[in-house]
Protein chains: 2
Amino acid sequence: MPRARLTPLSVTEAGAALIDEIGFENFSMGLLAERLGVKTPALYKHITSQADLVHRIAARALAEFADAIRDAIQGRAGSDALAAGAQAMRTYVLEHPGQYATADAAAARPTGPDDPIIPAVERVVASWAAMLRGYHLDSSQEIHALRMLRSALHGFSTQEAAGGFQIDASIDDSFTWMINFLDRGLQDITATATATTTTTSSSAR
Amino acid sequence: MPRARLTPLSVTEAGAALIDEIGFENFSMGLLAERLGVKTPALYKHITSQADLVHRIAARALAEFADAIRDAIQGRAGSDALAAGAQAMRTYVLEHPGQYATADAAAARPTGPDDPIIPAVERVVASWAAMLRGYHLDSSQEIHALRMLRSALHGFSTQEAAGGFQIDASIDDSFTWMINFLDRGLQDITATATATTTTTSSSAR
DNA sequence: GCATGAGGTTAACGTCATTAACCTCTAGCA
DNA sequence: TGCTAGAGGTTAATGACGTTAACCTCATGC
């Protein structure tokens, strides 16, 4: 009987795939072991606990997610960047619902200051922030715009993945509608701000 | 030793309170039984399973949530209604994070056509729809606006409750900023739509 | 070749949810 | 008033988990 040659990485990857297939709440060590053709305790030679495994899956997912957003925004600006980044996020969540849920749950509570989850989250935020820079918002508004964006995109993707939208209207249409809405609103802020600035005086800072 | 005089309702209510305190993922039959001064199996005289209990908690939560939104919007219109409804939702989620999570998880999958969760969800949607009516949107846009609103509010509340926002900027400010943003955008849609209609001709539908 | 340890296995334990078997108040009726 | 049935508890037992301990066995480096 040949050895399975498992490694922490291969276990994590198999876990990530499985969690996407069966969902975060149905995931179990037994199922993963079975999937890998091994008995449950064998997994503990490569990871220290289920919590550890889930955390690794989350870190991996978050890194991939950050890459996807970065790549989508790369080379685009303004409305284009927003649309591409948003679509990339939605696609990721739809294709990896289990991993996204895992990442979402883990992102809120890093295990320590050297948790790889932290830089991954920062990369995601940095991408959104870079994208927003194309709208030339007042720096005091940036954080609010960022939070709104995350809220809207997270909320939409999450509800769509959970089947929370009824099917009587196109979800694709709703998504692009929302993105257009956000885009127009962001442009308006800039427009009115510059208008005001131009009209009154010019104190950028 | 006096009897505990439990009922399905009292068990559900105690469960709802407990799930808010310790969180959805930490909830267990044993803890609830202990809280009620009873052994675990006693609970099964009043509910059929943990899934049943969770479902009851979700239904109860969703009904309360629907009431809160309705009451907040009641008697207000336009921006006021939006702000009040949104604030009511955020408050509910912050005060009942466990129940909201439970409701959210259950809302996607009703157990049958007579599931009390269904009318409760409909009531929530109806409230938001009523609120949106104040913006006189084109009927084809209503569903998109509704989904956007749910996404943004759900995403924001959920992330705030999970501690997903850093503390370096006021979350309150971000929330009202977001609401203002949404309000302005919705007003603009109406404005441009009527402007177009007035300018060109008057062909509604 | 051979020993040693990485990487499996089986066995056993504690915690859950759940069910079965049993007990005991208490309400309702003769 | 006293009896009885069943509502509403209890303890004990079962099976699915996660996890750990004890053990076994390749396969690799000397």
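The shown structure was predicted, so the numbers you read here are calculated from the model rather than taken from an experiment. The sequence lines fix the lettering, A, B, ..., with proteins before strands; numbering per chain opens at 1.
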Find the distance [X]:[atom1] to [N]:[atom2] and express it as a whole number of Å.
X: L6(A); N: dT9(C); atom1: CG; atom2: C1'; value: 13 Å
X: L53(B); N: dT18(C); atom1: CG; atom2: P; value: 10 Å
X: L43(A); N: dT20(D); atom1: CG; atom2: P; value: 13 Å
X: D52(B); N: dT18(C); atom1: CG; atom2: C1'; value: 13 Å
X: R5(A); N: dG7(C); atom1: CZ; atom2: C1'; value: 8 Å
X: L32(B); N: dA17(C); atom1: CG; atom2: C1'; value: 13 Å
X: M29(A); N: dT20(D); atom1: CE; atom2: C1'; value: 13 Å
X: L31(A); N: dA16(D); atom1: CG; atom2: P; value: 12 Å

>> Do the side chains of R56(A) and D52(A) get close enough for a salt bridge, i.e. N-O under 4.0 angstrom?
In response: yes

> With the threshold set at 4.0 Å, does a side-chain nitrogen-carboxylate oxygen contact exist between R147(A) and D173(B)?
Replying inline: no

>> Categorize S49(A) for me: base, sugar-phosphate, or nothing, with a 4.0 angstrom heavy-atom threshold over every strand shown.
In response: sugar-phosphate

> Using a distance-only test with no angle check, is there a side-chain donor-acceptor pair under 3.5 angstrom linking E160(B) and S151(A)?
Replying inline: no

Candidate nucleotides [options], ranked by approach to the side chain of [X] - the nearest:
X: Y44(B); options: dT18(C), dG9(D), dT10(C); value: dT18(C)
X: K45(B); options: dT10(D), dG8(C), dG18(D); value: dT10(D)
X: S28(B); options: dC16(C), dG7(C), dA11(C); value: dC16(C)
X: H46(B); options: dG8(D), dG7(C), dT18(C); value: dG8(D)
X: A42(A); options: dC17(D), dT9(C), dA17(C); value: dT9(C)

> Any side-chain heavy atom of Y92(A) within less than 4.5 Å of one from H96(A)?
Replying inline: yes

>> Would you compute the distance between atom NE2 of H144(B) and atom OG1 of T176(A) and round it to the nearest 0.5 angstrom?
In response: 7.0 Å

